[in-house]
Amino acid sequence: MDNFWVNAIFSIVPTLLVGAIFWLVMRSIIRMDRTERKVYARIESEERARLGLDHPAR
């Protein structure tokens with residue numbers, strides 16, 4: 001019985017670790033993209049204000 005649980009744990013742990021690494025990478029990519037879009041929007045609005053342009057057409 002002891003061998004069964006050890007094998008079960010060793011079977012599940014690599015899957016959980018790979019899943020956790022994937023989650024962390026995807027989370028960082030999404031956060032990085034969100035931050036980059038905010039910064040780009042801020043820079044664009046500052047440039048529009050500096051040039052005296054109206055808000056962008058939607």
Side-chain angles (χ1 to χ4, degrees):
M1 189 68 171
D2 191 32
N3 242 356
F4 171 78
W5 289 110
V6 171
N7 287 335
I9 289 172
F10 279 125
S11 296
I12 293 175
V13 168
T15 303
L16 293 175
L17 288 176
V18 169
I21 291 170
F22 177 76
W23 180 77
L24 286 171
V25 168
M26 291 303 294
R27 179 176 176 248
S28 66
I29 289 171
I30 291 171
R31 281 185 162 199
M32 184 175 39
D33 182 58
R34 185 181 348 159
T35 303
E36 184 177 353
R37 287 175 190 258
K38 281 182 187 176
V39 170
Y40 182 77
R42 182 178 49 84
I43 291 171
E44 185 176 0
S45 68
E46 288 173 359
E47 288 296 315
R48 286 184 171 280
R50 185 177 62 87
L51 295 173
L53 299 175
D54 294 331
H55 294 290
R58 294 177 196 212

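No hydrogens, no waters, no symmetry mates; every other heavy atom, side chains included, goes into these values. Everything numeric in this text was worked out from a predicted model, so none of it was measured.
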In this structure, would Val13 and Phe22 fall into the same cluster of hydrophobic residues linked by side-chain contacts under 4.5 Å? no
Which residue pairs pass the side-chain hydrogen bond (donor to acceptor under 3.5 Å, both in side chains) test with at least one member in residues 10-33, sequence neighbours excluded? Asp33-Arg37
Looking at Arg42 and Glu46, does any basic side-chain N land under 4.0 Å from a carboxylate oxygen? yes
